Amino acid sequence: MPATSATTTGPKTSRPVRKQAAPRTRNGPRGGRKREFTTRRGLLIAAFMAPAAIFVAVFTYYPMIAGSQMAFRHWDLNDLTDTSWVGLDNFHHVFSDPNWGTVLGNTGVWVIGSIVPQLVIGFALALWLRRRFRFRGVYQALIFFPWAISGFLIGILFRWMFNSEFGVVNDLLQKAGLIDEPVAWLADPHKAMIAVLIANIWYGVTFFAIMILAALQSVPDELYEAAALDGAGKARTLFQITIPYIRVTLVLTVLLRVIWIFNFPDLIFGMTGGGPNNQTHIVTTWMIKITQQGDYGKASALGLLVVAGLLLFTVFFLLATREKREVRS
């Protein structure tokens, strides 16, 4: 019986089968696996990190630990024969010092009296500089220039400006008819703190203006256009669009600035040196004064109190702002 064969409707053609390319993944091209971490790679990474780690350990952590143990010893440069362990005596000397209350109160006035005007004025300048107008770059350079100057140099500059005999501040106030005779700004215990606050406000406004202006550049213009179409005014746009959008930047900027102002003795030393009669001393300037007197144990105890206070403030500030964000959301 003849074998049957399959019939075809046309000539059979053979085409080469092309392999499908493997999809690309995040770990590598064409589905490659992530490179495994080996001991050799770990040692290589450690070798690159070692110089920076050694530098930080020698010049940051070792002095910090050495200075911390001084807070629990009798460490006076006038008598180095006795460096015995005294426990919490240095902290007791700090709290029992008659100047402690004045210094602590001055620190609160210094921080709050500086941060609030700096934030308000810096925010206003940032909103103004966000607009497009002629010579905006020149105005930005003039506003940002003070931040490039040393704080101690700013203090010396303002010390001459507030001089009671030939200072420009008294001269301008007399010409404006606001005062009849020169005011001894830096010699008066009640006016000296006002003078250093004015100088610090002028110096720190730049920082807020820089940070807030950078954050404002990220706010989409579409949000402002939509607000304008809805009939929102400037105040409503500011509090419902601008501030919520840059809230994270504002929180971090205020936190950094509070820590910075708290640890900013340069300007006060340049203007008043803590006087008159310790009325412009803050915690950090007072700590430097104690160090200059040779009592390193008391100064180290005060330094540990500063670190502990700033850590507590940072934790509570971040928790408070986080809870506020959660309630709003």
Side-chain angles (χ1 to χ4, degrees), residues 108-155 157-158 161 169 194-264 266-267 310 313-314 317-318 320-329:
V109 173
W110 170 251
V111 174
I112 298 175
S114 298
I115 197 72
V116 175
Q118 287 179 5
L119 174 61
V120 174
I121 300 174
F123 205 127
L125 285 175
L127 290 174
W128 177 59
L129 291 175
R130 190 179 185 273
R131 300 161 50 192
R132 286 186 170 85
F133 54 88
R134 294 185 61 185
F135 306 111
R136 184 178 66 165
V138 176
Y139 285 105
Q140 288 180 351
L142 292 176
I143 291 175
F144 298 161
F145 175 73
W147 195 246
I149 305 176
S150 167
F152 184 77
L153 182 60
I154 294 295
L157 174 65
F158 273 88
M161 292 176 61
V169 174
I194 298 176
V196 295
L197 280 174
I198 292 174
N200 194 34
I201 291 170
W202 179 85
Y203 182 66
V205 161
T206 299
F207 178 77
F208 278 102
I210 294 173
M211 299 297 291
I212 296 176
L213 178 60
L216 289 176
Q217 303 297 332
S218 64
V219 181
D221 293 334
E222 291 79 4
L223 294 179
Y224 294 114
E225 295 173 359
L229 292 176
D230 291 340
K234 293 183 178 180
R236 184 180 174 185
T237 302
L238 175 64
F239 288 101
Q240 293 189 0
I241 294 179
T242 304
I243 293 179
Y245 200 91
I246 65 172
R247 182 177 60 245
V248 176
T249 301
L250 290 176
V251 169
L252 295 179
T253 304
V254 170
L255 176 61
L256 291 175
R257 193 61 188 145
V258 167
I259 296 174
W260 203 320
I261 293 175
F262 197 95
N263 292 292
F264 187 55
D266 311 36
L267 191 145
L310 289 177
F313 168 77
T314 302
F317 183 80
L318 292 178
T321 52
R322 186 184 65 178
E323 291 176 359
K324 192 172 183 179
R325 289 197 299 269
E326 291 177 354
V327 170
R328 288 183 176 178
S329 61

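Bear in mind that the values here come from a model prediction, so they are computed numbers and not experimental data. The figures that follow rest on heavy atoms only: side chains count, while hydrogens, waters and symmetry mates do not.
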Counting only N and O atoms by type, is there a donor-acceptor contact under 3.5 Å from the side chain of Glu225 to the main-chain atoms of Pro220?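 The answer is no, because no donor-acceptor pair under 3.5 Å joins these two groups.
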
Taking the side chain as everything from C-beta on, heavy atoms only, tell me whether [X] gets closer than 4.5 Å to [Y].
X      : Y      : answer
Phe313 : Leu255 : yes
Leu127 : Leu238 : yes
Leu216 : Tyr245 : no
Leu310 : Asn263 : yes

Please report the shortest heavy-atom distance between [X] and [Y], naming the atom on each side.
X      : Y      : result
Gly113 : Ile201 : O-CD1, 3.6 Å
Ser114 : Pro117 : O-CD, 3.5 Å
Phe264 : Gly151 : CZ-CA, 3.8 Å
Ile212 : Ala126 : CG2-CB, 3.6 Å

Applying ring pair (Phe, Tyr, Trp, His ring centres under 6.0 Å) to Tyr203 and Phe158, what does each step give before you reach the verdict? CA-CA 11 Å; Tyr203 182 66; Phe158 273 88; 9.2 Å; no

Heavy atoms from other residues, nucleotides or ligands near CG of Leu223 exceed 12 (cutoff 6.0 Å): yes

Under 6.0 Å from the CZ atom of Arg130, do we count more than 12 heavy atoms belonging to anything else shown?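 Yes.
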
Which value, rounded to the nearest 0.5 Å, describes the distance between [X] atom [atom1] and [Y] atom [atom2]?
X      : Y      : atom1 : atom2 : answer
Leu197 : Trp110 : CG    : CH2   : 6.5 Å
Ile243 : Ile246 : CD1   : CD1   : 7.0 Å
Trp128 : Leu125 : CH2   : CG    : 7.5 Å
Leu119 : Met211 : CG    : CE    : 12.5 Å
Ile149 : Ile154 : CD1   : CD1   : 4.0 Å
Ile261 : Ile112 : CD1   : CD1   : 10.5 Å

Apply side-chain contact (heavy atoms from CB on, under 4.5 Å) to Val258 and Phe317, showing your working. CA-CA 11 Å; Val258 167; Phe317 183 80; over 6 Å; no

Under the criterion side-chain contact (heavy atoms from CB on, under 4.5 Å), I'd like the reasoning laid out for Phe123 against Leu250: C-alpha separation, chi angles, the key distance, then a yes or no. CA-CA 10 Å; Phe123 205 127; Leu250 290 176; 4.0 Å; yes

Walk me through whether Trp260 and Ile115 qualify under side-chain contact (heavy atoms from CB on, under 4.5 Å). CA-CA 10 Å; Trp260 203 320; Ile115 197 72; over 6 Å; no

Under the side-chain contact (heavy atoms from CB on, under 4.5 Å) criterion, do Tyr224 and Thr242 qualify, and how do the steps go? CA-CA 9 Å; Tyr224 294 114; Thr242 304; 2.9 Å; yes

